[in-house]
Amino acid sequence: MQKTLHPDDFEDDSHSVALQLIGAVLLVDGVGGRIVETEAYDREDPASHSFGGPTLRNQAMFGPPGRAYVYRSYGIHWCLNFVCREQGHGAGVLIRAIEPLHGIDVMRERRGMDDVRLLCAGPGRVGQALGITHDMNGMRLDRKPFKVVAREHDVAIVAGPRIGISKAADVPWRFGVRDSPFLSRRF
DNA sequence: CGAACGATTAGCT
DNA sequence: GCTAATCGTTCGA
């Protein structure tokens, strides 16, 4: 029995949501797979875009939960977050890696490579493989083009420090499926 | 208005 | 392991 996640399912804090999302299936226009790596960000978190309050870029993080927050990374990549916690809080979960399951040929085309392990192993790669664009910023995750299906089976989850940040680099707010070959890095 | 800086990746050593 | 690529956001003058 599949359960499609609803905005109500994103009202918890970002750490709980990040944990819940491991093993969930994410599809964008039918293309995607199983989420194997996430990171939590929060308003009181110096490494978060929402630290310091709302700005033009991060406004989606301060909107209602269960929406997408899409931002441009290093002027090159589009990265996808799920907004969570109560409206106005500025919390979100970064989708860092996916195990490709559906539309693999489409992802290969978009990424310009064949190796399935590298199609979605990293936030920028996920954005490119799933065709994430800035106009998806703020869109509901329970409506087209998105589909998020809750985890159906237990998985072994590991936690560790987040990647690529300089502030609050010590807290273990990165989560992943233990020993998955599709992680952006091993834990 | 100018300048520094990324929640990254690919490619080369 | 190291670094260039590349540009929007943010912050200080």
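Lettering of chains follows the sequences in order, A, B, ..., and the numbering in each one begins at 1.
With pairs defined as Watson-Crick or G-U wobble and both atom distances under 3.5 Å, the stems of at least three pairs that touch DNA chain B come out as B:1-6 with C:7-12, B:8-12 with C:1-5.
Out of B:dG6, C:dT10, B:dA10, the shortest distance to the side chain of A:Arg111 is found at B:dA10. Minimum atom distance to the side chain of A:Ser73 is reached by B:dT8, of the listed B:dA10, B:dT8, B:dA7. Here C:dC7 is the nucleotide among B:dT8, C:dC7, B:dA7 with the atom lying nearest to any side-chain atom of A:Arg72.
Heavy atoms of A:Asn58 sit nowhere under 4.0 angstrom from any nucleic acid atom. Residue A:Ile165 is classed as a sugar-phosphate contact, given heavy-atom separations below 4.0 Å to backbone atoms only.
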task = Could you give me the CA-CA distance, side-chain angles and deciding distance for A:Gln128 and A:Arg111, then say whether side-chain hydrogen bond (donor to acceptor under 3.5 Å, both in side chains) is met?
result = CA-CA 6 Å; A:Gln128 187 181 21; A:Arg111 295 271 300 116; 2.8 Å; yes
task = Go through the steps for A:Val148 and A:Asp9 under the test side chain to side chain contact (heavy atoms under 4.5 Å, CB included), then give the verdict.
result = CA-CA 11 Å; A:Val148 186; A:Asp9 297 310; over 6 Å; no
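When atom types are taken as modelled, the side chain of A:Asp12 and the backbone of A:Val17 share no donor-acceptor pair closer than 3.5 angstrom.
Rounded to whole Å, atom C1' of C:dT9 lies 14 Å from atom OH of A:Tyr74. Taking atom CD of residue A:Glu37 and atom P of nucleotide B:dT8, one finds them 10 Å apart after rounding to whole Å. Summarising the geometry, the separation between CG on A:Asp42 and P on B:dA7 is reported as 16 Å, rounded to the nearest angstrom. Here B:dG11 presents its C1' atom at 11 Å from CE of A:Met113, a figure rounded to the nearest Å. Taking atom NE2 of residue A:His49 and atom P of nucleotide C:dC11, one finds them 12 Å apart after rounding to whole Å. Taking atom CE of A:Met61 as the reference point, atom C1' of C:dT9 lies 15 Å away to the nearest angstrom. Atom pair A:Leu183:CG and B:dT8:C1' shows a separation of 17 Å (rounding to whole Å applied). The CG-C1' distance, from A:Leu119 to B:dT9, rounds to 14 Å in whole Å.
Taking atom P in both B:dG2 and C:dT6, one finds a spacing of 22 Å when rounded to whole Å.
Within the structure, the salt bridge (charged side-chain N to carboxylate O under 4.0 Å, His left out) test picks out the following pairs touching residues 92-106 of chain A (sequence neighbours left out): A:Arg34-A:Glu99, A:Glu37-A:Arg96, A:Glu39-A:Arg96, A:Asp105-A:Arg108. Evaluation of the side-chain hydrogen bond (donor to acceptor under 3.5 Å, both in side chains) test over residues 141-159 of chain A, restricted to residues two or more places apart or in two chains, returns A:Arg140-A:Asp142.
Nearest-nucleotide positions on DNA chain C for A:His77 and A:His134 put A:His77 closer to the 5' end. Nearest-nucleotide assignment on DNA chain B puts the 5′-proximal partner with A:Val93, out of A:Val93 and A:Leu118. Both A:Gln128 and A:Lys167 lie near DNA chain B, and the one whose nearest nucleotide falls closer to the 5' end is A:Lys167.
Once rounded to the nearest 0.5 Å, the distance linking CE of A:Met136 with CZ of A:Phe146 reads 5.5 Å. Separation of atoms CG (A:Leu141) and CG (A:Leu80) is listed at 7.0 Å; rounding is to 0.5 Å.
Both thresholds, 5.5 Å between centres and 30° between ring planes, are met by A:Tyr41 relative to the base of B:dA7, so the two rings are stacked.
Within a 6.0 Å sphere centred on CD of A:Glu109, other residues, nucleotides and ligands contribute 12 heavy atoms or fewer.
Between C:dT10 and A:Arg57, a contact under 4.0 Å exists linking OP1 or OP2 to a side-chain N or O. Within the structure, every side-chain polar atom (N or O) of A:Thr55 is placed at least 4.0 Å from both OP1 and OP2 of C:dT9.
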